[in-house]
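Beneath this line is the structure, given in structure tokens, with notes to follow.
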Amino acid sequence: RFFQGGTIVIVSDCLQFLAENYATQYHIKALVFKKELYPDLPQIEYVEFPKARQGIFRRLYYEYVYFRKLSARWKPYLWLSMQDSTPNVKADVRAVYYHNPLLFRGIVWSDLIRQPRMFFLTLLYKFIYTANMTENDLIIVQQDWLRKFLVNKYYNLKEKIILLPPTLKFNELKSLQYCKNIIKQDV
């Protein structure tokens, strides 16, 4: 449910990779804000959530209530969240693409007056978005410093974190097994 900039490119690359490599084995659904923002891939079923951008409480409802019901009905093999949060879902494999640096930003009390949106986003990232992090089977990050930070903060994630630097495109991956082999490397 990204809606602008480089994040659209990252999600589009991921969808292209999945369409090319897994569409014959799996029915792939992409939950998006607007399907027009993404490539027209006949192998991908886009499910739009245009109201997801109407406020944080609606987004939290989708992430922690609605998607749980949806996943129970769909029974997905893989649920890959591309926006930092780990939805409360049922899936054989749960994965998250974690990229937002707000987790590392300290709580700045003056933001409550000067930048209230930033203040509350920081709280969300620190306390809500990390709540289900350990429930993931895979955590994908682009930077090694982020991988190291997460390993230091959540040691039990060491075996789950995949480092996928921007120079490595999703379409260069060979399989999910390749991803599992990457995470076995020493941190």
Side-chain angles (χ1 to χ4, degrees), residues 1-15 17-18 31 33 52-53 56-57 59-60 62-64 67-68 71 78-112 114-187:
R1 289 173 329 257
F2 291 115
F3 64 100
Q4 64 185 357
T7 51
I8 293 282
V9 173
I10 292 168
V11 174
S12 297
D13 284 351
C14 179
L15 293 173
F17 167 76
L18 293 171
L31 284 58
F33 168 60
R53 301 284 317 145
I56 193 64
F57 293 110
R59 181 175 165 188
L60 291 173
Y62 283 134
E63 296 282 338
Y64 298 104
F67 291 163
R68 176 84 172 177
S71 68
L78 169 67
W79 189 289
L80 172 59
S81 176
M82 297 291 292
Q83 62 175 27
D84 298 316
S85 61
T86 301
N88 186 24
V89 297
K90 295 180 181 184
D92 293 342
V93 178
R94 291 171 58 174
V96 64
Y97 169 70
Y98 205 89
H99 66 280
N100 196 310
L102 279 179
L103 176 66
F104 317 104
R105 186 177 193 273
I107 295 173
V108 180
W109 290 102
S110 62
D111 282 351
L112 189 55
R114 294 182 187 151
Q115 298 182 61
R117 183 168 163 34
M118 178 65 73
F119 178 81
F120 289 109
L121 281 174
T122 302
L123 288 178
L124 278 173
Y125 272 86
K126 286 199 174 303
F127 302 110
I128 295 177
Y129 284 0
T130 59
N132 290 338
M133 183 154 332
T134 58
E135 300 299 317
N136 288 296
D137 298 294
L138 301 170
I139 299 168
I140 302 165
V141 298
Q142 283 190 347
Q143 297 91 11
D144 192 46
W145 68 266
L146 179 52
R147 178 184 63 87
K148 288 177 180 173
F149 177 87
L150 292 173
V151 166
N152 287 334
K153 187 168 175 85
Y154 308 98
Y155 182 75
N156 57 337
L157 298 181
K158 181 178 180 179
E159 299 298 318
K160 298 178 178 187
I161 298 176
I162 297 171
L163 177 61
L164 224 111
T167 56
L168 180 62
K169 299 273 187 189
F170 278 96
N171 63 9
E172 292 173 351
L173 294 176
K174 302 301 181 213
S175 69
L176 286 177
Q177 186 58 46
Y178 175 81
C179 291
K180 290 178 182 176
N181 290 339
I182 289 174
I183 63 175
K184 292 188 192 299
Q185 295 174 359
D186 286 344
V187 175

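Just so it is clear, the values below take in all heavy atoms, side chains as well, and ignore hydrogens, waters and symmetry mates. All values derive from a computational prediction rather than experimental measurement.
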Does any non-hydrogen side-chain atom of [Y] lie less than 4.5 Å from one of [X]?
X	Y	result
Leu31	Trp79	yes
Gln142	Tyr97	yes
Val141	Leu163	yes
Asn132	Val96	no

Check for a donor-acceptor pair, side chain of [X] on one end and backbone N or O of [Y] on the other, with a separation under 3.5 Å.
X	Y	result
Asp137	Arg94	yes
Arg147	Leu164	no
Asn136	Met133	yes
Asn88	Arg68	no

Distance (rounded to the nearest 0.5 Å) between [X] [atom1] and [Y] [atom2]:
X	Y	atom1	atom2	result
Arg59	Tyr64	CZ	OH	8.0 Å
Phe120	Ile107	CZ	CD1	11.0 Å
Lys160	Leu150	NZ	CG	12.0 Å
Ile139	Ser81	CD1	OG	11.5 Å
Met118	Ser110	CE	OG	11.5 Å

Non-hydrogen atoms of Ala95 and Leu78 that approach each other most closely
CB-CD1, 4.1 Å

Applying side chain to side chain contact (heavy atoms under 4.5 Å, CB included), run through Val151 and Leu157 and close with a yes or a no.
CA-CA 6 Å; Val151 166; Leu157 298 181; 5.7 Å; no

Within a radius of less than 6.0 Å around CH2 of Trp109, do more than 12 heavy atoms belonging to other residues, nucleotides or ligands occur?
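Result for CH2/Trp109: open.
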
For the pair Tyr62 and Phe67, name the ring-plane relationship: parallel under 30°, tilted 30 to 60°, perpendicular over 60°.
parallel

